2 protein chains.
Amino acid sequence: MNHRAFKTEINEQFARIAKAIANTHRLELVDLLAQGERSVEELANEAALSIANASQHLQALREAHLIIARKQGLRVYYRLADPTVYQLVQLIRQIAERQLAEVERIIDTYLTERKVLEPVTINELISRLHEPGLIVLDVRPVLEYTQGHIAGARSIPIDEIQQRLHELPPDQEIVAYCRGAYCVFADEAVQLLLSHGYQARRMQQGYPDWKLADLPTETD
Amino acid sequence: MNHRAFKTEINEQFARIAKAIANTHRLELVDLLAQGERSVEELANEAALSIANASQHLQALREAHLIIARKQGLRVYYRLADPTVYQLVQLIRQIAERQLAEVERIIDTYLTERKVLEPVTINELISRLHEPGLIVLDVRPVLEYTQGHIAGARSIPIDEIQQRLHELPPDQEIVAYCRGAYCVFADEAVQLLLSHGYQARRMQQGYPDWKLADLPTETD
DNA sequence: CAAATATTCAATTGATTTATTGAATTATAG
DNA sequence: CTATAATTCAATAAATCAATTGAATATTTG
């Protein structure tokens, strides 16, 4: 048996997976797909890529079987091939947080409130989920809320909060969540809510993390 | 706040981690380092790389802070920066196993016995660890056994098994383990032991997996 | 069946990564 | 202080990856 050939061939396959995810744009695309199925156009818009470029990156992910395509009418819809793919992104982030000082620096630069305002962990939210005075607020676009949200959560997309503040009773505590720890929607929502006298905090992680942990979700 | 700049910068950092691991040789180097600290020369020899090339790949891993260097005398010894780094390799492998048919094909080609001989899972071994008639056999090089091994395991490196068969009582069941699921030492040991009338199986995973699961280990 | 739309494919260019080689650096031993 | 050994650095060529552009394909609509 040729040890060397075996090791080389098998590690080449493992490297295929790692190479597919090892790109700024593809990481963002996977993050978006973790919210649910999306068309190429939607993904291109969200990730600020040209359609052709987005398509190319999606092909790269597809070749590594990290995502699956489904054609319906004119559109091709992509989704994650396996929840483990999102877990991979999570783990990469976790290592980056621990090992790369730059990550903390970037967060401190862009999300100045993060350091001051302690986010609510998933576990904390679980234990408080049935408190009567607590509102769990999904601030992602409505489509994403529709595709799946934390059981019992209300939807007010970040773009609409300003106009819809009256829907939120001022005496209740609000926990806002969005796409994940590196999504800024919840930070912005909390900032706005706090400035209007609400008691508000963000959930540290996002919907995909909640779902991955097999916690109660709803679709509608 | 500039969303786009934040997303780009933060994902660039995450991509750094993924890019560092996304190479055939670097995956092998990390796998070796999961056994314990190694010098550049040892790593180069094991991974069949020139010293300069190995050093270069090690720099790439070091720049992403996935490994740490320690200089002692003439030699530089590298080790994993965090157990999570090995977890990353594990997860990549898990995804590759599930998603890439090639992985199964390669294993079937090189490790023909794997399909027939059911390996012992870590959990199975835990529950049987205190059976009197069971020998847990570490077939890695002695150095690696010395740096850490499954509590109670005996060491006979794969190269020496043939000559040292007499040390193994023929009536006891043997579970052999090595560096990991994609290390062939244990497969070869089991094959040899079976051909000499022993009852032998390999542990599915390797020592780093055992250690990562915080199971009892010994050093000597 | 032609027009319109979403996506992919193909070709090009520039940027990044990899392997190789030999020189430079650092530490030890005599 | 010199010779030796281990590792890193620097320079190069080859290979691979990324972004852009425009053409090609597939599906729907009229």
Side-chain angles (χ1 to χ4, degrees), chain A residues 4 7-9 11-30 32-33 37-79 143, chain B residues 4 7-9 11-30 32-33 37-79 143:
Chain A
R4 182 44 42 200
K7 279 193 190 175
T8 304
E9 285 184 38
N11 278 321
E12 271 166 7
Q13 295 305 317
F14 300 151
R16 267 177 76 188
I17 300 289
K19 279 179 183 162
I21 205 88
N23 172 280
T24 312
H25 301 303
R26 291 198 290 273
L27 278 166
E28 186 170 355
L29 291 171
V30 169
L32 289 166
L33 290 171
E37 219 179 40
R38 286 287 176 291
S39 70
V40 178
E41 196 187 9
E42 290 171 308
L43 291 165
N45 288 340
E46 282 273 11
L49 296 171
S50 74
I51 299 266
N53 197 191
S55 171
Q56 212 164 276
H57 283 298
L58 290 165
Q59 297 312 310
L61 289 167
R62 184 150 74 153
E63 264 167 42
H65 299 267
L66 298 184
I67 62 175
I68 292 170
R70 172 179 77 84
K71 186 151 193 177
Q72 188 180 44
L74 282 180
R75 291 199 172 77
V76 175
Y77 291 90
Y78 283 96
R79 65 176 189 279
L143 176 72
Chain B
R4 180 46 41 202
K7 279 194 189 173
T8 303
E9 284 185 38
N11 278 320
E12 270 167 8
Q13 294 305 318
F14 300 150
R16 267 178 76 188
I17 299 289
K19 279 180 183 161
I21 206 88
N23 171 279
T24 312
H25 301 304
R26 291 198 290 272
L27 277 167
E28 186 169 354
L29 291 171
V30 169
L32 289 166
L33 290 171
E37 216 179 43
R38 286 287 177 290
S39 70
V40 178
E41 194 186 13
E42 289 172 308
L43 291 165
N45 289 338
E46 282 273 11
L49 296 172
S50 73
I51 299 264
N53 196 192
S55 172
Q56 215 165 276
H57 283 298
L58 290 165
Q59 297 313 311
L61 288 168
R62 184 151 72 154
E63 263 167 43
H65 298 267
L66 297 184
I67 63 175
I68 291 170
R70 172 179 76 85
K71 186 147 192 176
Q72 188 179 46
L74 282 181
R75 293 199 172 76
V76 174
Y77 291 91
Y78 283 96
R79 65 177 189 279
L143 176 71

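Model, not experiment: these values are computed from the prediction. Below, read A as the first sequence line, B as the second, and so on, with proteins coming before strands; counting in each chain starts at 1.
- Atom CD of B:Glu46 is separated from atom CZ of B:Arg38 by 7.0 Å, given to the nearest 0.5 angstrom.
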Tabulate atom names and distances for all N/O pairs under 3.5 angstrom spanning the protein and nucleotides 14-16 of chain D.
none

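- Atom CZ in A:Arg79 sits 7.0 Å away from atom CZ in A:Arg70 (nearest 0.5 Å).
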*Would you please test A:Val40 and A:Tyr78 for side-chain contact (heavy atoms from CB on, under 4.5 Å) and show each step?*
CA-CA 7 Å; A:Val40 178; A:Tyr78 283 96; 3.6 Å; yes

*Step-by-step side-chain contact (heavy atoms from CB on, under 4.5 Å) determination, B:Val30 to B:Leu66*: CA-CA 9 Å; B:Val30 169; B:Leu66 297 184; 5.7 Å; no

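- Taking a 4.0 Å limit (strictly below) on heavy-atom distances, residues 21-28 of chain A reaches DNA chain D at A:Asn23, A:His25, A:Arg26.
- Residues of residues 66-76 of chain A having a heavy atom closer than 4.0 Å to DNA chain D, listed by number: A:Lys71, A:Gly73, A:Leu74.
- Here the straight-line distance linking atom CG of A:Asn11 with atom CG of B:Asn23 works out to 9.5 Å at 0.5 Å rounding.
- Screening residues 43-76 of chain B for ring pair (Phe, Tyr, Trp, His ring centres under 6.0 Å), with sequence neighbours left out, gives B:His25-B:His57.
- A:Ile67 pairs in a side-chain contact (heavy atoms from CB on, under 4.5 Å) with only one of the listed residues (A:Gln59, A:Arg26, A:Arg62), which is A:Arg62.
- Taking the charged nitrogens against the carboxylate oxygens, A:Lys7 and A:Glu12 have no contact shorter than 4.0 Å, which rules out a salt bridge.
- With sequence neighbours excluded, no residue forms a salt bridge (charged side-chain N to carboxylate O under 4.0 Å, His left out) with B:Glu63.
- For the pair B:Leu43/B:Leu33, a side-chain contact is recorded, criterion being any heavy-atom separation below 4.5 Å from C-beta on.
- Of the possible donor and acceptor atoms, none in the side chain of A:Ser55 sits under 3.5 Å from a partner among the backbone N and O of A:Ile51.
- Within residues 48-63 of chain B, the residues approaching DNA chain D are B:Ile51, B:Ala52, B:Ser55, B:Gln56, B:Gln59, by heavy-atom distance under 4.0 Å.
- Between B:Tyr78 and D:dA6 there is no side-chain N or O to OP1 or OP2 distance below 4.0 Å.
- Defined by atom type and a distance below 3.5 Å, a donor-acceptor pair is present between the side-chain atoms of B:Arg16 and B:Gln13.
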